[in-house]
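Structure first, commentary second.
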Amino acid sequence: MVFADPGEALARAGALLDADPSPLDASVAHQVIGIWQRDFGDLRLALHHLRRARECAARADSADREADVLATLGVALVHAGRTREGLAAFERGAARGAGHTRARVLYRRAYVWWVLGHHREALEDVRRAVPVLRQADDVIWTARALTLRATVHLALGSVERAEADFTAAEALWDTTGQEHDKADAVESRGLAAFRSGDVPAALRLLDEAEERYARLGTPTFMLNIRRCEVLMAAGLAPEALAEADAAIGKLDGIGGQSTRKAELLLAAARAARPAGDPHTAIARAALAVRLFAGQRRTWWETHARLVLIEARHAAGRGSGRLVADAAAVAGKLASFGSPAAPEASLLAGRIALDLGWTADAERHLAVAARSRRSGPPLARMTGWAAQALRAQAAGSARGVLEACRRGLDVLDDHRMTLGASELRARATEQGAELAALAQRASLVSGGPRRLLVWSERWRATVLSTPPTRPPADPELLSGMTAFREIASRAEAARMEGRPVPALEREQRRLEREIRSRTLHKRGEAPGDGDRFDVARLLERLGDEVLLVELAVLDGRVHVLLCGRGRVRRFEAGLLAEAETEAEHVQAGLRRLAHPGAEARLPVVEAAGRRLEELLLGPAAAQLGGGPVVIVPPGRLHRVPWALLPSLRERVLSVSPSAGSWLRARETAPPPEGCHVLVRGPGLATGGAEVPELADRYGCATVLEEDEARVPRVLEELDGAALAHIAAHGTFRADSPLFSSLRMADGPIVVHDFERLARSPYRIILSCCDTARLASVGADELLGLVTALLPLGTAGVVACSAPVNDAAVVPLMLALHKGLDAGLSLAEALRDARAAQPGDALHQATGWAFSAFGAA
């Protein structure tokens with residue numbers, strides 16, 4: 001019962017002990033309490049009750065009862081880090097028990113071997129236990145043994161064998177009422193899905209297991225560890241680190257298993273390094289190494305040493321000793337049959353290359369490169385990264401580019417299994433090194449055209465295909481409705497000055513639930529996609545339009561000037577300096593949004609001149625007088641490009657990538673699309689431009705007051721030719737897909753826009769912060785604008801800074817006047833800026849808006 005209904009089992013065991021039971025019954029009751037405390041509570045209490053259980057079994061003179069308790073005690077001792085005592089308890093238990101009881105002892109010893117990382121011994125004990133358990137028709141323990149064997153197979157990389165055992169175990173579990181064991185089986189299937197490369201299925205199954213554990217009221221430390229691993233593979237390292245640290249705090253609070261604490265520390269260390277915190281990674285990994293060593297868990301200790309070496313290397317430490325340590329770890333991992341062995345060889349080769357030890361580097365990288373042909377996607381990525389570094393050390397640019405191409409193809413296929421645009425974006429981080437290696441090689445050997453191809457190869461890839469539509473999930477839809485209701489109530493309370501902590505907690509809970517469900521989506525599109533073609537780009541640009549793509553190599557901006565049949569390259573300034581200057585400009589625009597800040601205008605204009613020097617360099621003099629398309633890297637998405645002197649009075653548009661601009665350029669407008677005007681609540685001007693625009697367009701659909709509700713707005717936006725939305729915008733840096741526009745019934749968020757079959761061909765967002773985006777992954781952007789571009793929107797006008805509501809109204813009216821005359825968004829925005837008064841407030845408002853895309 002302790003794994004069917006843990007709370008009830010604990011209560012009944014306590015009641016039995018209060019009733020002065022026989023030694024045999026007392027032994028069972030103490031053992032149940034010991035199991036509960038071991039797995040869900042205080043390990044010290046567990047050991048106390050299990051020793052009492054053994055004493056009672058000895059008084060009852062039952063060899064089988066004593067053997068069973070010794071096995072349970074052995075597991076608890078190993079989890080307490082007392083490995084030698086635990087294994088000795090198993091020896092005594094195996095000697096005391098016979099037949100069916102001995103098979104149960106062997107199963108539990110197999111579990112302990114798995115905890116210790118002795119996988120071959122674990123398989124041997126399970127092999128001996130399963131036939132006896134089956135012969136005894138012991139369904140529950142046979143299912144447990146099959147689940148364990150599958151888990152051991154996964155640790156050894158044998159996914160197919162694991163799936164066969166999981167399937168057999170699941171069929172047995174369906175005939176039982178063992179709810180905790182069933183939850184554990186779902187969790188294990190999640191791990192199997194992850195090992196086979198299906199991250200969305202893994203997240204879905206782990207979430208399902210967590211819900212089952214929650215109904216039972218039991219902790220989920222093993223699930224925390226596994227989810228950390230999946231979150232890491234999905235590019236969500238900060239979340240993995242937060243989950244691991246929270247679980248460690250909870251485990252310490254209940255005096256739980258030291259074995260689990262060591263595993264959680266290892267998970268935290270693995271997450272801290274890609275989360276940009278190598279010093280935390282070093283601290284967590286070093287403590288994990290000490291705990292694993294004390295627990296005599298060599299397999300785990302070796303994996304923790306690998307993470308420790310990686311963290312030290314990331315912190316800038318490199319030495320011959322570190323190379324030797326990484327090589328030793330690689331050898332041990334290979335002897336264990338661990339899938340992490342190639343990663344350790346790659347690390348040894350990388351450190352050796354940094355030291356200039358080319359012969360040593362070649363030896364280690366050659367070993368790592370063997371993994372490029374088979375195995376899960378990230379293991380093959382490791383192999384191709386090693387192959388690229390080998391080619392770079394040998395001076396073969398062609399070899400570097402081929403290895404990078406093959407490695408990024410693998411990652412492309414992996415990305416396209418992910419349905420959620422957030423996961424696709426974050427997964428690109430795993431290809432950042434390959435993309436950088438290829439860019440350096442192409443700069444040396446291939447000229448500007450090849451550099452452009454490789455700059456595009458791993459830029460804004462999320463926008464190359466529409467996201468998988470969210471499923472028609474009633475729970476997701478009801479969650480979105482509840483989220484809007486709570487967010488609306490919280491906003492109203494804030495405006496009235498009332499405290500909102502309870503509402504904010506509920507809003508965060510609903511956000512987590514919605515995000516969790518969207519991450520379960522599996523991708524549908526094939527991985528090959530629409531490859532970028534320089535000749536096609538140049539043909540579309542013609543002789544008038546210039547496209548300026550900014551590539552960043554080793555911290556310096558390289559300007560690729562495309563147009564008039566060729567691609568030219570210019571060197572500009574340092575990216576870090578440009579980012580700093582862009583922040584100063586943003587601060588200046590925020591000040592200029594308020595009357596009385598005219599004195600700041602010369603300062604902002606001077607910052608614009610410095611930005612031009614840093615970002616365009618000598619290319620600024622080569623722009624001519626025609627239209628310009630700017631393609632910045634993700635980290636420069638907040639630059640107000642119209643502020644730069646050479647761009648200020650020209651037709652200017654911005655695009656996340658050249659490929660994205662091409663797709664927008666070739667997107668046809670809907671043949672019968674309508675105009676939609678939306679006015680949200682709470683604007684200082686009341687959205688004063690909307691009534692005038694309604695008069696201008698005559699037959700436009702106008703949604704305002706109670707009609708401006710999210711379901712109705714989405715219905716009208718779907719397939720529209722032009723949409724103008726005047727509503728308060730909120731950018732969420734912590735969760736960019738919850739960036740929103742305020743409607744009558746609450747916020748409309750990016751997740752809502754992703755439900756559109758086709759977003760409006762042109763869309764104008766006349767409110768603050770709608771063009772703010774989060775830079776994630778290798779060079780990806782998440783936010784309102786980038787949600788619209790893959791869904792059929794060819795052009796967007798949006799704002800990257802806070803603006804003055806009153807100054808926006810004449811700018812928007814002038815913009816629509818240009819559109820009514822047949823101009824593109826970029827042309828109409830240029831003319832609208834020129835038509836505004838020359839004071840600082842109106843100039844700053846014009847600079848804050850940008851045209852995205854090509855419509």
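Residue numbers run from 1 in the order of the sequence given.
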Derivation of the side chain to side chain contact (heavy atoms under 4.5 Å, CB included) call for Leu443 and Leu553
CA-CA 9 Å; Leu443 181 62; Leu553 278 78; 3.6 Å; yes
Go through the steps to decide whether Val585 and Leu611 satisfy the test side chain to side chain contact (heavy atoms under 4.5 Å, CB included), and finish with yes or no.
CA-CA 9 Å; Val585 166; Leu611 264 180; 3.8 Å; yes
Check Glu649 with Arg830, please: is the shortest side-chain N to carboxylate O separation under 4.0 Å?
no
Determine, stepwise, if the pair Leu401 / Arg450 fulfils side chain to side chain contact (heavy atoms under 4.5 Å, CB included).
CA-CA 10 Å; Leu401 295 176; Arg450 182 172 286 176; 3.4 Å; yes
In plain terms, say whether Arg755 and Asp718 are close enough for a salt bridge, that is, a side-chain N and a carboxylate O under 4.0 Å apart.
no
Angle class for the His816/His724 ring planes (parallel below 30°, perpendicular above 60°, tilted otherwise)?
tilted
One pair to check against side chain to side chain donor-acceptor pair (under 3.5 Å): Gln836 and Thr845. What are the steps and the verdict?
CA-CA 9 Å; Gln836 299 313 296; Thr845 303; over 6 Å; no
Measuring from atom CG of Leu434 to atom CD of Gln439, what distance do you get when rounded to the nearest 0.5 angstrom?
11.5 Å
Determine, stepwise, if the pair Phe738 / His751 fulfils ring pair (Phe, Tyr, Trp, His ring centres under 6.0 Å).
CA-CA 7 Å; Phe738 280 96; His751 290 299; 5.0 Å; yes
Here the pair of heavy atoms bringing Ser657 nearest to Arg663 is OG-NH2, 4.3 Å
What pair of heavy atoms forms the shortest contact from Ala664 to Ala854, and how long is it?
CB-N, 3.8 Å
Looking at Glu402 and Arg406, is there a salt bridge between them, counting it only when a charged N and a carboxylate O are closer than 4.0 Å?
yes
Does atom CD of Glu571 have more than 12 heavy-atom neighbours, drawn from other residues, nucleotides or ligands, at distances under 6.0 Å?
yes
I'd like to know if the side chain of Arg762 reaches the main chain of Ala721, judged simply by a donor and an acceptor atom lying under 3.5 Å from each other, with no hydrogens or angles considered.
no
Shortest non-hydrogen contact between Trp661 and Gly853, atoms and distance:
CD1-O, 3.6 Å
Would you say Ser739's side chain and Leu784's backbone share a donor-acceptor pair under 3.5 angstrom?
no
Smallest heavy-atom separation, Met743 atom then Ile748 atom, equals CG-CG2, 3.9 Å
Please walk me through it: do Glu577 and Thr580 pass side chain to side chain donor-acceptor pair (under 3.5 Å)?
CA-CA 5 Å; Glu577 293 180 11; Thr580 301; over 6 Å; no
Arg712/Glu716 ion pair, N-O < 4.0 Å
yes
Are Arg536 and Glu666 close enough for a salt bridge, meaning some N to O gap below 4.0 Å?
yes
With Pro760 as partner, the option from Leu717, Val676, Leu722 fulfilling side chain to side chain contact (heavy atoms under 4.5 Å, CB included) is Leu717
Would you check if the side chain of Arg650 reaches a backbone N or O of Ser646 as a donor-acceptor pair within less than 3.5 Å?
yes
CD of Glu539: more than 12 outside heavy atoms within 6.0 angstrom?
no
Would you say that Leu815 contacts Met812 through its side chain, given a criterion of any heavy-atom pair below 4.5 Å between the two side chains?
yes
Quick check: closest heavy atoms across Leu829 and Phe849, and the distance to 0.1 Å?
CD2-O, 3.8 Å
Can you tell which of Arg372, Arg380, Arg457 makes a salt bridge (Lys or Arg N to Asp or Glu O under 4.0 Å) with Asp409?
Arg457
Minimum heavy-atom distance Ser442-Trp454, with the two atoms named
CB-CD1, 4.0 Å
Are Val548 and Val629 packed together at the side-chain level, in the sense that at least one heavy-atom pair is separated by less than 4.5 angstrom?
no
Intermediate values then yes/no, side chain to side chain contact (heavy atoms under 4.5 Å, CB included), Val808 and Leu811
CA-CA 5 Å; Val808 168; Leu811 181 73; 5.5 Å; no
